[in-house]
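Each remark here refers to the structure printed beneath this line.
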2 protein chains.
Amino acid sequence: MEPPVITIKELAKLLDLSPTTVSRVLSGNAKKYRISESTEKLVKKTAKQYQYEPNQIARNLRLKETNTIGLVIPDISNLFFANLARIIEIELRKRGKLILLSDTHDSSDLENETLMFLFGRKVDGILIAPVGLTSEHLRRFTHVPMVMIDRYFTKLPIPYVSTNNFEGAYVATQYLINKNHSKIACIQGLVNTISNKERVRGFQKAIDDNGISSEDIRICGTDFSIENGYNTTKKLLKQASSLTAIFTLGNQIAIGAMRAIKENGLKIPEDISIISFDDQAYFDLTCPPLTTIRQPIDLIGTEAVSVLFDLMDGKQAESKILPAKLIERSSVKDFNPPSRSASADEKNGLIPRSSIPK
Amino acid sequence: MEPPVITIKELAKLLDLSPTTVSRVLSGNAKKYRISESTEKLVKKTAKQYQYEPNQIARNLRLKETNTIGLVIPDISNLFFANLARIIEIELRKRGKLILLSDTHDSSDLENETLMFLFGRKVDGILIAPVGLTSEHLRRFTHVPMVMIDRYFTKLPIPYVSTNNFEGAYVATQYLINKNHSKIACIQGLVNTISNKERVRGFQKAIDDNGISSEDIRICGTDFSIENGYNTTKKLLKQASSLTAIFTLGNQIAIGAMRAIKENGLKIPEDISIISFDDQAYFDLTCPPLTTIRQPIDLIGTEAVSVLFDLMDGKQAESKILPAKLIERSSVKDFNPPSRSASADEKNGLIPRSSIPK
DNA sequence: ATGAAAGCGCTAACAC
DNA sequence: GTGTTAGCGCTTTCAT
């Protein structure tokens with residue numbers, strides 16, 4: 001199992017040339033340095049023959065660039081980030097960059113550690129969806145080209161690309177209200193992250209604009225996980241019996257919420273309506289198909305990469321807030337009592353929520 | 001925007017010490033070289049003060065190890081791989097390694113290119129779910145520690161960790177047959193990959209073992225995408241009107257298939273039953289909840305990393321085939337004509353498939 | 001208890 | 001057209 005590695009020096013000796021010449025040919029600068037065609041050919045042929053592959057580490061050290069971009073995200077198994085990672089990978093590959101991936105599991109400590117690592121690796125740039133709870137540790141890295149995606153901090157001199165979370169949440173909430181819901185729970189994600197805060201703000205604004213009493217609504221939940229969606233919904237169903245609709249602030253929260261609702265023998269939307277932030281491919285197949293606010297994931301990815309490259313080129317880089325879009329399916333019913341027909345749950349001996357008086 | 005980078009040399013000058021001493025302290029070898037406690041403390045303090053962070057590139061060049069593992073997968077936005085990536089990330093982080101991620105989009109060319117890149121980056125090891133169509137290009141990299149996950153080649157001297165695809169598919173098919181299905185279509189993934197071939201083999205074996213005529217079954221489809229699931233199902237529904245069950249060989253294929261079935265106004269499982277390879281978190285929420293064959297994703301990830309580290313330690317490394325598990329939900333009905341009740345589709349003017357005679 | 005010097009593999013001034 | 005040399009930042013013999 002002999003590693004068949006050949007260096008430029010060895011190649012040079014083999015060819016009875018200097019490493020310089022070999023290097024020049026192999027990095028495509030033969031013309032520029034007027035290397036004779038015969039040597040150029042010979043070098044290339046021999047390199048191929050010996051399967052020469054440049055040692056990028058040495059190259060990086062010399063050139064002070066690594067063609068590597070750090071991608072730092074909170075959870076690669078969340079389809080939102082997985083999809084984002086995919087589009088980013090495509091964009092970066094086009095530009096000849098490789099991804100150094102780090103999953104922070106929503107831990108600021110891991111994030112900080114990771115950034116130190118990436119910094120040590122001399123990545124050319126960083127694309128980060130920060131955990132979002134603290135921002136100060138990011139300041140140390142403002143000298144490396146960095147753009148924040150999804151989650152961000154406005155007070156940092158670091159550009160960002162994200163969804164218009166406020167507007168998306170406002171639209172979702174208004175949609176619920178238009179369908180005559182007023183007893184609404186909002187199950188939020190990681191509490192102090194900006195995307196969460198903006199969504200909550202949008203929710204709250206719509207509630208206020210419509211003159212709905214703050215006693216009618218609930219804002220609860222702790223993070224973007226399935227478990228949070230599940231546990232919070234379970235609690236809500238136990239406590240707030242008059243609830244008619246739930247707004248989940250993330251795709252995984254929605255899964256957990258739907259699971260809890262189902263387990264409790266309730267029907268969506270007959271007994272309780274649900275709408276979620278962040279659309280995913282399978283939401284048209286759930287029971288029932290889920291009404292959502294879709295984020296422009298591909299656009300976020302391409303824009304983020306584009307902004308990062310502007311930054312690396314020393315150009316001016318502007319933050320971008322991209323619009324979200326309501327995808328209407330059938331998980332929200334027009335809550336207009338009295339209900340037209342008894343739901344299937346009566347068979348299970350459960351009191352259908354739709355018959356509970358306001 | 002001055003990059004606050006300080007090197008060991010500068011630190012040494014500042015401290016009026018040699019780079020050697022500084023290096024020794026900073027790499028935790030103060031004791032070993034009997035550095036005086038006072039200098040040790042001073043060095044550490046100053047390093048911290050100046051936020052010294054070792055240049056890993058230089059370190060790598062010298063040490064010939066990068067603490068980086070290449071992770072090569074066909075599609076990071078496929079939840080199977082996203083989940084795999086997550087568990088692998090966790091395991092590698094425990095061991096102080098970073099991930100160089102590459103998405104090959106099921107292209108052997110990209111895969112080959114990527115491997116060259118990774119090789120040039122001198123990754124310590126490679127975890128790869130190869131595209132799986134060709135294997136020869138992998139031979140060039142047999143000198144770097146590598147383990148294949150999910151897809152693999154038995155003829156290569158490279159260990160692998162995967163699911164027992166044959167058995168899983170056999171169980172799924174037998175399950176269908178036990179429910180009295182015989183007109184079954186199998187929508188496959190990327191045709192020549194081993195995971196696909198093994199699943200098809202399991203399907204075929206169950207068919208044969210039960211004496212079902214090959215004319216009753218269909219094996220079609222091209223790859224693991226949602227689109228393939230959708231298009232193939234559309235075609236099947238048009239052509240094979242007597243079909244009673246579909247076995248999809250991947251989670252994304254299942255999404256596409258369900259979407260096509262739904263679009264055609266058919267009901268699962270009343271009109272057509274469906275079972276899928278590769279369970280995902282949301283499959284208990286689809287309409288109806290999907291019966292699946294679950295792969296032990298976490299185990300695949302931890303085992304793969306463990307085998308890779310054995311390899312890197314020069315130890316013997318064994319391939320592993322892990323068991324799959326049937327998750328029974330409600331997308332397969334007992335196909336026992338005559339049907340008990342007319343389905344809802346009659347309202348739409350559609351002839352329910354369940355009433356089509358064998 | 002500490003330092004000098006060499007070298008990892010590459011590229012780029014600066015020769016000629 | 002091609003070669004010499006130096007150096008990227010680090011670690012590690014070998015010295016003292």
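Letters A, B, ... mirror the listed sequences (proteins, then strands); counts begin at 1. Side chains included, hydrogens not; waters and symmetry mates left out as well; all remaining heavy atoms used.
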Between Glu89(A) and Arg86(A), does any NZ, NE, NH1 or NH2 come within less than 4.0 Å of an OD or OE carboxylate oxygen?
no

Distance-only criterion, 3.5 Å: show the donor-acceptor pairs between side-chain atoms of residues 306-322 of chain A and protein atoms not counting sequence neighbours.
unit_1: Ser319(A); atom_1: OG; unit_2: Tyr160(A); atom_2: N; d: 3.0
unit_1: Lys320(A); atom_1: NZ; unit_2: Glu303(A); atom_2: OE1; d: 2.6

Side-chain N or O of Ser23(B) less than 4.0 angstrom from OP1 or OP2 on dT12(D)?
no

Angle between the two end axes of the helix from dA1(C)-dT16(D) to dC16(C)-dG1(D), five base pairs per end, rounded to 10 degrees?
40°

Closest-nucleotide mapping onto DNA chain C: is Arg24(B) or Thr7(A) further toward the 5' terminus? I mean the 5' end.
Arg24(B)

Cation-pi check, Lys122(A) onto Phe119(A) ring (under 6.0 Å, within 45° of axis)
yes

Under 4.0 Å from a heavy atom of chain B: give me the 5'-most and 3'-most nucleotides of DNA chain C that qualify.
dA1(C) to dG9(C)

Can a salt bridge be assigned to the pair Lys13(B) and Glu10(B) using a cut-off of 4.0 Å between side-chain N and carboxylate O?
no

Decide yes or no, distance alone: a donor-acceptor N/O pair under 3.5 angstrom between the base of dG9(D) and the side-chain of Arg62(A).
no

Sugar-phosphate, base or nothing in reach of Ile57(B), heavy atoms under 4.0 Å
nothing

Looking across every strand, which nucleic acid part, if any, lies under 4.0 Å from Thr39(A) by heavy atom: base, sugar-phosphate, or nothing?
sugar-phosphate

To the nearest Å, give me how far apart CD (Gln56(B)) and C1' (dC8(D)) are.
15 Å

Taking atom types as they are modelled, is there a donor-acceptor pair under 3.5 Å from the base of dT4(D) to the side chain of Thr20(A)?
yes

Salt-bridged, Arg139(A) to Glu136(A), with N to O below 4.0 Å?
yes

Can you measure Asn55(B) atom CG to dC8(D) atom C1' for me and round it to whole angstrom units?
8 Å

